[in-house]
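Okay, so here's the structure we're looking at.
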Amino acid sequence: MTHLWYRRPAADWEREALPIGNGSLGATIFGGAPSERIQLNEKTLWTGGPGSSDGYDHGDWAVPRPGALAEARHRIDARGDVSPAEIADLLGQPRRGYGAYQRLGDLHLGLAHPVPEHGYRRELDLTSALARVRYRAGGVTYQREFFASYPHQAIVGRLWADTPGSVSLTVRLVPAPAGAGLTVTGGLLVARGALADNRLRYDVRVVVRPERGRLVSGGDRITVIGADAVTLIVVAGTDYAAVWPHYRGPEPAPQLAARLAAVAATPYDTVRADHVADYRALADRVTLSIGQVDPGLPTDELVARYGTGGPADRWLEALHFAYGRYLLIASSRPGSLPANLQGVWNDSDTPAWSADYHTNINLQMCYWPAEVTNLAETAAPLHDFIEALRVPGRITARRMVDADGWVVHNETNPYGFTGVHDWPTAFWFPEAAAWLCRHLWEHYLFTSDERFLRERAYPAMREAAQLWLSALHTDPRDGALVVSPSYSPEHGGFTAGAAMSQQIVWDLFTATVEAAERLGEDTEALQAALGRLDPGLRIGVWGQLQEWKHDADDPHDTHRHVSHLYALYPGRQLAPHRRPDLAAAAAISLRARGDGGPAWSRAWKMNLWARLGEGDHAHRLFAGLLRECTLPNLWAVHPPFQLDGNLGAVAGVAEMLVQSHRGWIEVLPALPSAWPAGSVTGLRARGGVTVDVWWRAGKATVVELAADRTGPVTVRCAALTGRPVVDLHDGVPVPVVDSTFTALAGHRYRWA
Ligand code: FUC
């Protein structure tokens with residue numbers, strides 16, 4: 001489960017090319033020979049926003065006609081269910097200057113050797129985050145490798161051969177934006193310009209450094225003749241800054257020139273070693289063993305043959321898990337924007353959904369594995385992004401809902417778009433800010449970082465809660481507090497109090513109360529509102545969990561969103577142990593929705609079945625995702641490629657093995673029969689605990705826990721009940737009362 005590998009170069013960007021990234025820079029490697037294409041991305045290269053030719057004027061979005069919101073509520077109160085088109089007509093806005101994520105360009109390498117005759121292999125090594133190509137041509141073995149360095153903020157490559165003097169190639173940089181200026185001097189290629197739409201300045205630089213041989217610069221290329229090896233260093237940036245209202249920072253050139261000089265002055269081996277160490281410090285925290293045996297098959301064949309039920313299937317499942325964590329590390333590191341719909345990789349100027357940040361499931365799903373698979377640092381860009389949305393979100397809240405607080409709707413861009421547009425079935429979702437806040441709260445729960453809670457999470461949560469304290473509507477049907485207009489994402493009509501709306505507000509209010517209690521802040525208003533809030537959990541006529549407050553679910557409807565199950569996952573309001581009736585209703589709804597849909601939908605259902613303790617059903621979803629929604633390069637497809645499917649499934653695997661949302665650590669809550677023996681190490685549980693589990697015949701045999709802080713830890717695992725918990729520090733058993741013992745910070749405990 002350590003490599004993706006292939007016997008042929010990639011022909012298709014989306015299906016076959018292999019991604020590398022350092023959060024802000026991305027590249028996809030085709031591995032062609034003698035012609036190599038390296039497609040480049042820089043995550044802030046976005047059209048739209050301030051200065052856009054379409055006109056985007058700090059918040060001229062989202063100004064409904066006076067009285068339009070009251071009118072929408074009135075119609076919903078009067079008629080119960082109003083068509084999306086009618087509400088969009090009232091509240092929607094023409095979307096101007098929203099923009100889209102752009103591709104940066106391509107690096108073309110033309111190698112001066114014959115077409116490879118044999119021994120071709122390209123791979124992505126998940127133990128070191130290196131993309132490699134190797135083959136023989138004209139009696140010489142050629143190799144190259146590429147990586148995206150976070151510590152050095154550069155994409156770096158090296159080409160070499162087993163025969164001295166045999167690396168000869170041309171290097172061309174082809175910027176994607178129209179009108180880019182290209183200069184070629186010495187060993188340096190520079191492409192710079194400003195996007196035609198919004199004048200966002202960009203700059204991409206490539207240094208070509210041969211070892212021995214000759215270098216000739218001319219026209220649009222650099223030519224290297226007869227080198228032993230060649231190193232390539234790519235840096236890129238824009239003058240984007242995540243600062244409202246202008247979203248512009250300094251001209252990128254000076255910083256890039258300095259960075260490039262620094263990397264170029266560092267020996268290749270050092271840059272490479274720094275990269276591998278940086279990557280491994282994150283990637284190595286978790287191991288997964290589910291009975292996989294290397295079938296010795298290239299990854300495309302492995303995908304094509306998946307489904308026999310043997311160890312090769314386990315291999316692909318474990319590989320997919322490791323690859324998902326790799327993708328999160330590669331597309332989300334501190335200092336840039338969060339992972340977008342395609343992470344950081346995009347080969348189009350008009351990508352699907354602008355390759356933006358959809359906040360009615362997709363952005364959140366990309367971060368589901370961050371805490372639980374021990375990659376909390378990768379969530380920092382999301383936390384920064386949420387913070388940056390509060391300022392424009394506050395203006396939008398005032399203009400749209402005439403309320404305090406902040407909102408984000410169905411989707412957003414890097415320029416603080418927090419309003420709506422006029423697409424009837426995907427525009428209205430002011431609950432998105434509250435949903436995003438759950439990521440701040442969860443970060444605190446997993447890390448116990450009190451300062452993060454006080455300075456970052458709580459202020460955003462409190463302000464998001466503020467909005468709902470003023471915007472909730474009294475339902476004339478029963479006097480309960482409801483969201484209105486309320487829209488279950490991309491499904492049905494506009495009503496008051498759809499299940500997801502209520503569950504999200506419940507989740508936010510409950511978490512904000514808990515946070516306030518820990519910080520000694522006042523909770524009275526929130527408690528009062530919670531007392532009157534419609535909880536959004538109802539069982540309907542065919543036993544289903546209702547998606548709307550009125551019983552309108554169609555048992556034959558297989559819509560991809562399962563929004564009404566938010567309370568089960570990612571939320572925690574629906575607790576199966578306390579309300580088995582609601583859990584049964586959730587299972588009925590899930591079963592009716594089926595096991596199909598785009599990759600993200602399957603990944604969500606996988607997590608939901610895991611929360612219901614149905615490991616085999618969760619695994620069935622995973623298998624379907626691998627069989628029907630996975631490309632040869634293991635990208636998950638909607639179609640097109642969307643990162644959420646990859647990352648949602650990683651969270652799903654973790655959720656099958658360890659859960660901690662109920663106030664205790666549950667070991668192997670949903671182990672599928674396909675994984676009878678195995679182990680997982682390094683998963684994280686809420687409360688700052690790292691969990692390792694070994695199991696045999698479907699039962700845990702050893703559990704080890706490492707505590708970050710001193711305090712009570714509760715662990716449940718039927719197979720180990722009654723066995724002693726030993727502090728490995730001194731080898732002495734610790735007293736366990738009702739599955740709870742007191743852990744000491746820095747100590748490790750073994751339960752076997
Ligand atoms: C949500 C989904 C779509 C798609 C889009 C990017 O709105 O409903 O299926 O994934 O996001």
Side-chain angles (χ1 to χ4, degrees), residues 281-290 318 321-322 324-325 328 368-379 442-449 569-570 572 577 607 610-611 613 615 618 650-672 675 677-696 698-729 733-734 736 738-752:
L282 295 167
D284 287 0
R285 291 175 185 169
V286 170
T287 66
L288 176 69
S289 166
I290 48 173
F321 178 79
R325 292 184 72 248
L328 181 58
W368 284 354
E371 302 292 342
V372 71
T373 76
N374 216 334
L375 295 174
E377 296 89 337
T378 63
E442 290 271 347
H443 182 70
Y444 164 72
L445 290 180
F446 275 93
T447 59
S448 308
D449 182 343
Y569 188 94
R572 55 169 174 148
H577 64 296
N607 283 280
R611 281 275 168 102
V650 173
V653 169
E655 210 61 29
M656 288 154 81
L657 301 174
V658 174
Q659 294 178 13
S660 62
H661 59 285
R662 290 189 273 181
W664 65 83
I665 298 168
E666 181 93 27
V667 176
L668 302 181
L671 186 69
W675 304 344
S679 67
V680 65
T681 65
L683 292 184
R684 295 279 292 172
R686 291 164 185 82
V689 180
T690 307
V691 185
D692 302 351
V693 187
W694 288 261
W695 68 90
R696 254 197 329 263
K699 297 214 168 2
T701 51
V702 180
V703 175
E704 286 194 12
L705 306 159
D708 290 357
R709 62 185 182 105
T710 296
V713 172
T714 305
V715 203
R716 301 224 167 126
C717 173
L720 294 178
T721 304
R723 324 252 339 173
V725 174
V726 174
D727 185 337
L728 293 178
H729 192 68
V734 295
V736 180
D738 285 343
S739 320
T740 302
F741 65 95
T742 301
L744 301 175
H747 284 219
R748 215 179 153 74
Y749 298 86
R750 186 182 175 93
W751 195 20

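Reckoned from all heavy atoms, side chains included, excluding hydrogens, waters and symmetry mates.
- Separation of atoms CZ (Arg750) and CZ (Arg723) is listed at 10.5 Å; rounding is to 0.5 Å.
- We find the CG-OG1 distance between Leu705 and Thr690 to be 9.0 Å, quoted to the nearest 0.5 Å.
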Exercise for the section: List the steps, then state whether side-chain contact (heavy atoms from CB on, under 4.5 Å) holds for Thr742 with Val734. Expected result: CA-CA 8 Å; Thr742 301; Val734 295; over 6 Å; no

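- Taken to the nearest 0.5 Å, the CG atom of Leu668 stands 12.0 Å off from the CH2 atom of Trp694.
- Looking only at distances, a side-chain donor or acceptor of Asp727 sits under 3.5 Å from a matching main-chain atom of His729.
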Handout entry: Test log, rule side-chain contact (heavy atoms from CB on, under 4.5 Å), inputs Trp695 and Val680
Key = CA-CA 9 Å; Trp695 68 90; Val680 65; 4.2 Å; yes

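- Here the shortest heavy-atom pairing between Leu288 and Leu657 reads CD1-CD1, 3.7 Å.
- One N or O on the side chain of Arg285 and one on the backbone of Asn374 form a donor-acceptor pair closer than 3.5 Å.
- Annotation for Glu377 and Leu282: closest pair OE1-CD2, 3.7 Å, computed over non-hydrogen atoms.
- Nearest heavy atom pair, residue Ala707 against residue Ala743, reads CB-CB, 3.7 Å.
- When atom types are taken as modelled, the side chain of Gln659 and the backbone of Ala610 share a donor-acceptor pair closer than 3.5 angstrom.
- Here the shortest heavy-atom pairing between Phe741 and Val736 reads CB-CG2, 4.2 Å.
- Rounding to the nearest 0.5 Å places CD of Glu655 at 11.5 Å from OG1 of Thr373.
- A side-chain contact (heavy atoms from CB on, under 4.5 Å) with Glu704 is found for one member of Leu728, Val693, Thr681 and no other, namely Leu728.
- Two residues are said to be in side-chain contact when any heavy atoms from C-beta on lie closer than 4.5 Å; Pro369 and Arg325 fail this criterion.
- Scanning both residues, Cys717 and Val667, for their nearest heavy atoms gives CB-CB, 3.8 Å.
- Between the CZ atom of Arg611 and the CZ atom of Arg662 there is a distance of 8.5 Å, given to the nearest 0.5 Å.
- With salt bridges taken as basic N to acidic carboxylate O contacts below 4.0 Å, none links Arg686 and Glu371.
- Atom OG1 of Thr287 sits about 7.0 Å away from atom CG of Asp692, to the nearest 0.5 Å.
- Side chain of Arg684 to main chain of Phe446: a donor-acceptor pair is present (N/O by atom type, distance under 3.5 Å, no hydrogens or angles).
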Exercise for the section: Starting from the C-alpha separation in whole Å, work towards a yes-or-no answer on side-chain contact (heavy atoms from CB on, under 4.5 Å) for Tyr749 and Val715. Expected result: CA-CA 11 Å; Tyr749 298 86; Val715 203; over 6 Å; no

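- A donor-acceptor pair under 3.5 Å is formed between the side chain of Thr710 and the backbone N or O of Ala745.
- Between Asp708 and Ser448, the closest side-chain pair of non-hydrogen atoms is not below 4.5 Å.
- Closest non-hydrogen pair, Trp751 versus Val725, comes out as CD1-CG2, 3.5 Å.
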